[in-house]
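Single-structure report; data block below.
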Amino acid sequence: MSKTLISSFPQKLIAWHQVDGREGLPWQGVKDPYAVWVSEIMLQQTQVATVLERYPRFMKRFPTVKKLAAAPVDDVLAEWAGLGYYSRARNLHACSIEVMERFLGKFPGDPLLLEQLKGIGRSTAGAIAAFAFQERAPILDANVKRILARLFGVEGALQEKAVNDLLWSLAEQLLPKHRDDMPVYTQALMDFGATWCTSRKPVCISGTRKCPFEKQCQANLSDQVLQLPRKTPKAKSPEFDCDMMVLQRGNAVLLQKRPTKAIWGGLWSLPESPWRTGGLNEVASLQMTSKALLALTLPEENHLTIGRHCKTLIQGERIKHVFTHRRLWMQIWHVSVNQALEFSSENLRWVSLDQLGKYGLPQPIKLLLQGLSLAHGDD
DNA sequence: AATGCGGGGCG
DNA sequence: CGCCCAGCATT
């Protein structure tokens with residue numbers, strides 16, 4: 001490992017940033033630890049373009065850690081809806097309460113303390129400590145992993161612990177000497193990875209710009225830039241089928257709160273059947289009755305009233321939704337019932353179509369019900 | 001070390 | 001369609 005590269009890296013990167021860094025992102029230059037924390041959590045595995053719209057909205061709704069801690073977790077989830085990885089929202093809320101109680105509303109600057117908080121791992125702790133407290137703490141997100149793997153010609157797959165340890169060690173060694181440089185240095189690392197040393201079209205390959213590290217970058221010197229960092233291939237994601245029910249009573253639909261641990265955890269969705277593997281949609285091939293459908297999708301104690309209240313049953317669209325690790329086909333069924341149908345469960349709630357915005361809905365369900373809402377408005 | 005957890009953008 | 005992304009928690 002080149003000693004000169006390590007000692008010269010921070011200043012060269014900061015110099016690069018002064019000319020070619022990103023500007024105008026709403027969380028840049030922010031010093032308030034709360035605002036930094038929210039931005040870091042929201043940006044986990046989430047594109048800048050997406051966060052650009054959602055971050056100011058979140059900050060307007062929850063301007064301080066105190067306000068966030070005082071809000072019901074359901075409100076936080078509703079605000080988070082559409083961003084994905086909903087454990088981030090649940091952890092955000094839990095973390096805000098812990099900061100209020102354990103740290104009297106002030107985020108700690110020590111990365112080791114930050115890392116004890118829910119939803120904050122080593123990299124996010126480093127980012128908060130660097131941006132908000134000028135602590136000499138490293139980050140290691142996908143950008144930094146890519147930069148370092150190329151710069152130092154790290155051959156092993158990112159999933160290997162030894163490789164991860166090596167990258168953390170490099171990230172530590174590369175830190176600027178002076179803590180005052182930490183915010184700009186950390187931002188520069190992210191900007192450089194996101195805009196120049198990109199995964200598919202790094203500037204050294206596209207030839208659009210001249211990389212400041214081209215003479216030292218091991219991957220560039222050995223023509224391995226697009227091969228690094230290495231990743232072990234992922235298995236193809238399995239496919240599932242399920243039935244979902246839009247149970248409509250006048251202007252309201254029945255929403256069901258999802259269990260915390262599951263996918264879309266804590267969000268409000270439609271009653272749904274268990275997921276089935278294996279292509280053929282057996283239920284759709286049945287002569288579907290409202291009773292059979294409700295038996296599939298609702299808890300047992302709610303079945304008895306069904307037949308009496310059902311007015312119509314219509315087979316709706318079949319929606320495909322792609323997750324990172326699963327593909328899901330949702331067969332929609334529209335069931336219309338008369339006004340008398342009630343449910344007693346905490347997790348079942350009639351919600352009028354114009355109130356849907358107050359609820360955190362999975363993105364495909366939100367889109368589906370928006371279409372319904374529109375059609376209904378046209379009547 | 002492997003898996004679960006969303007959603008959007010890009011080629 | 002497959003790959004990628006300002007990761008973390010759990011097992």
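Throughout, protein chains are lettered first and strands after them, A, B, ... in sequence-line order, and every chain is numbered starting at 1. The shown structure was predicted, so the numbers you read here are calculated from the model rather than taken from an experiment.
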Under 4.0 Å between any heavy atoms, over every strand shown, what does [X] touch: base, sugar-phosphate, or nothing? Just pick one.
X	result
A:K161	sugar-phosphate
A:A142	sugar-phosphate
A:K231	sugar-phosphate
A:L83	base
A:E53	nothing

Given that A:A81 and A:A162 both sit by DNA chain B, which one's nearest nucleotide is further toward the 5' end?
A:A162
Would you compute the distance between atom CD1 of A:I332 and atom CD of A:E317 and round it to the nearest 0.5 angstrom?
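If we round to the nearest 0.5 Å, A:I332:CD1 and A:E317:CD are 6.5 Å apart.
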Distance, rounded to the nearest Å, where [X] contributes [atom1] and [N] contributes [atom2]:
X	N	atom1	atom2	answer
A:R54	C:dC5	CZ	P	22 Å
A:W275	B:dC5	CH2	P	8 Å
A:L367	B:dG8	CG	P	7 Å
A:R327	B:dG6	CZ	P	18 Å
A:L43	C:dC8	CG	P	12 Å
A:I120	C:dA9	CD1	C1'	14 Å
A:H325	B:dG4	NE2	C1'	5 Å
A:K236	C:dC3	NZ	P	11 Å

Using atom P in both nucleotides, what's the gap between C:dA6 and B:dC10 to the nearest angstrom?
14 Å
Taking B:dG8 as the reference, what is the distance to C:dC8 when you measure between their P atoms (whole Å, please)?
22 Å
Determine whether any donor atom in the side chain of [X] lies under 3.5 Å from an acceptor atom in the base of [N], or the reverse, and answer yes or no.
X	N	value
A:T324	B:dG6	yes
A:R22	C:dA6	yes
A:R88	B:dC5	no
A:T46	B:dG6	yes

Single hit among A:V38, A:L68, A:L92 for side-chain contact (heavy atoms from CB on, under 4.5 Å) with A:F62
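Result for side-chain contact (heavy atoms from CB on, under 4.5 Å) with A:F62: A:L68.
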Are more than 12 heavy atoms, taken from residues, nucleotides or ligands other than A:H325, located less than 6.0 Å from that residue's NE2 atom?
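Yes, the 6.0 Å shell around NE2 holds more than 12 heavy atoms from other groups.
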Ring centroid separation for A:H93 and A:W80, is it under 6.0 angstrom?
no
Taking the six-membered ring for Trp and the single ring otherwise, decide whether the centroids of A:F213 and A:F9 are under 6.0 Å apart.
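They qualify: ring centres under 6.0 Å apart.
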With respect to the side chain of A:S123, which nucleotide from C:dC8, B:dG7, C:dA6 is positioned closest?
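From the listed options, C:dC8 comes nearest.
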